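See structure below.
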Protein chains: 2
Amino acid sequence: MRISQLAERARLPVATVKYYQREGLLHEGVLTAPNQAHYDESHLRRLELIRALVGPAGQSIASTRRILTAISDPPTSEYDLLGIAHQAVTPAPERMPATFARAERLLGHLGWDVSRCAPASVAALEEALLGLEAGGFFVEDEVLERYGRAMMGVAVDEVDDVPTDSPEAAARFVILGTVLVEPLLLSLRRLAQQTASAKRFG
Amino acid sequence: MRISQLAERARLPVATVKYYQREGLLHEGVLTAPNQAHYDESHLRRLELIRALVGPAGQSIASTRRILTAISDPPTSEYDLLGIAHQAVTPAPERMPATFARAERLLGHLGWDVSRCAPASVAALEEALLGLEAGGFFVEDEVLERYGRAMMGVAVDEVDDVPTDSPEAAARFVILGTVLVEPLLLSLRRLAQQTASAKRFG
DNA sequence: ACTATTGGATACTGACACTATCCATTCTGG
DNA sequence: CCAGAATGGATAGTGTCAGTATCCAATAGT
């Protein structure tokens, strides 16, 4: 398959395919001549994955590159797979909050072990809590813990579902499960809110 | 308070404050002369809210403007408050998916009433499901429903917490609760995953 | 009176995700 | 076998977004 055919099947302009190649998101085709290369189904699948990441999942090109690298070159140990996956997804924490006071308090209440959590993730929680505060939106501890328990409910099932046969499969599952499921969860929350609201007020 | 003082207290450059004013995110101060104005605490609070929305909540300037407009000019009826809130937050659905087949099937399984949901939200769900598919990440119906039930669990509590005394308070609660809580939920999910993973493999 | 600051307008910047152009080769159809 | 289309690779340009910076005449404070 030549590039124009690949681009057509992926419904992308040829220039965009070249761009993804330049950015290191799409592996090169097999050169049959200095200016001729062949592409196969793996290139098409990769393009679909890229579009899913930069589209619905809202990832940047840089973040997408980190994610794809982590998938194709997964950590050997399963131990900190999640940490590495989250690190790939979490953009460089531009400026760490000075303290994680609020985050650590909440994690304490939930009985989660802070020391086993990636600092970037704790920082993200702290930032989210600061954001709520800055918006003058005060959430009671009880409600925060309710959110935490709800997310733990889904997380436990997700961790159970991680395939343990190969590191590649595990990495792919964890990374895509983190990134691609997020828009799913958010849209489900909005729909659930509307349904709950209709039931209560409608 | 003059603009330089306002900017200093908000820890923003003066030029940025002027920019938010130009963009209609920050109301004008009281002019005491053709080139002199006074600002008060309401301007400071508004700036903090803007920063929370464009920062942690990841909203664009245009979306932030819609949100602020919806808050300061809330719908009179409580009926479709959520619809309006979500509409304010959901960017113009650049290109609607042709069908909502997957989304409607899932909503049917969950027993949620599609007809009472904002089309934009259903479209978002459809896009999320398409994104998963494009990433070659197949999620079983059972798992999807688990996600849905988990989100309904938090949504029911959230809807119960909506203040019913004034439309302004209700609008503020709903809109900020939608937008500012999203990063909170996502960071909690990641931390929950790490905790669950540590418990299982560590 | 004189310097700093202000509101308001306009112009500029840097990052980002493409998109277009160029060019020397190579493939393809008649 | 040869003209015209397509290719890989490099480089340059585009549109959008979120600020920044500059300029100005008109105050403000000292």
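Convention: sequence-line order gives letters A, B, ...; per-chain numbering from 1. These numbers were taken from a predicted model, which means no experiment stands behind them.
In this structure, CE of M1(B) is placed 16 Å from C1' of dG7(C), rounded to the nearest angstrom. A straight line from NE2 of H43(B) to C1' of dG7(C) spans 13 Å, rounded to a whole angstrom. As rounded to whole Å, 13 Å separates atom C1' of dA17(C) from atom CD1 of I50(A). Atom CD of E28(A) is separated from atom P of dG8(D) by 10 Å (rounded to the nearest Å). The interatomic distance linking Y19(B) (OH) with dG19(D) (P) rounds to 6 Å, in whole Å. Atom CD in Q21(A) sits about 16 Å away from atom P in dT19(C), given to the nearest Å. Distance E23(A) CD to dA17(C) P: 8 Å, rounded to the nearest Å. Rounded to an integer number of Å, the gap from R65(A) CZ to dA17(C) C1' is 12 Å.
OP1 or OP2 of dG19(D) has at least one side-chain nitrogen or oxygen of R51(B) nearer than 4.0 Å. For dC18(C), one of the phosphate oxygens OP1 or OP2 lies less than 4.0 angstrom from a side-chain nitrogen or oxygen of Y20(A).
Closest of all the heavy-atom pairs between G29(B) and Y39(B) is N-CE2, 3.6 Å. Closest of all the heavy-atom pairs between D113(B) and S115(B) is OD1-OG, 2.7 Å.
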Self-check item: Worked check of side chain to side chain contact (heavy atoms under 4.5 Å, CB included) between L107(B) and T195(A)
Solution: CA-CA 10 Å; L107(B) 293 176; T195(A) 303; over 6 Å; no
Exercise. Go through the steps for D141(A) and H109(A) under the test side chain to side chain contact (heavy atoms under 4.5 Å, CB included), then give the verdict.
Key: CA-CA 9 Å; D141(A) 282 358; H109(A) 286 173; 3.6 Å; yes
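Side-chain proximity of Q36(B) to the nucleotides dT20(D), dT27(D), dC18(C) is greatest for dT27(D). Across dT7(D), dG8(C), dT5(C), the shortest atom-to-atom separation from the side chain of I3(A) is found for dT7(D). The S60(B) side chain lies nearest to dA18(D) when the options are dT19(C), dA18(D), dA28(D). Closest contact between the side chain of A15(B) and the listed nucleotides dT20(D), dG19(D), dA17(C) involves dT20(D). Candidate nucleotides dG7(C), dG8(D), dG19(D) were compared by shortest atom distance to the side chain of A37(B), and dG7(C) ranks first. Between dT7(D), dC18(C), dA26(D), one nucleotide has an atom nearer to the side chain of N35(B) than all others, and that is dA26(D). The T16(A) side chain lies nearest to dC18(C) when the options are dG19(D), dC18(C), dG7(C).
Of the charged side-chain nitrogens involved, none lies within less than 4.0 Å of a carboxylate oxygen, so that R146(B) and E158(A) do not count as a salt-bridged pair. Salt bridge status for R9(B) with E41(B): present, with a side-chain N to carboxylate O gap under 4.0 Å.
In this structure, F173(A) and F137(B) have tilted ring planes: the angle between them lies in the 30° to 60° band.
Place Q5(B) and P34(A) on DNA chain C by their nearest nucleotides, and Q5(B) ends up nearer the 5' end. Between S4(A) and R2(B), it is S4(A) whose nearest contact on DNA chain D lies nearer the 5' terminus.
Taking five base pairs at each end of the helix from dA1(C)-dT30(D) to dG30(C)-dC1(D) and finding the rotation axis that steps the C1' atoms of four pairs onto the next four gives two axes whose angle is 0°, to the nearest 10°.
At a cut-off of 3.5 angstrom, counting only N and O atoms as typed in the model, there is a donor on one side and an acceptor on the other between the side-chain of R22(A) and the base of dT19(C).
No option in I61(A), I175(A), L180(A), L25(A) other than L180(A) meets the side chain to side chain contact (heavy atoms under 4.5 Å, CB included) test with L53(A).
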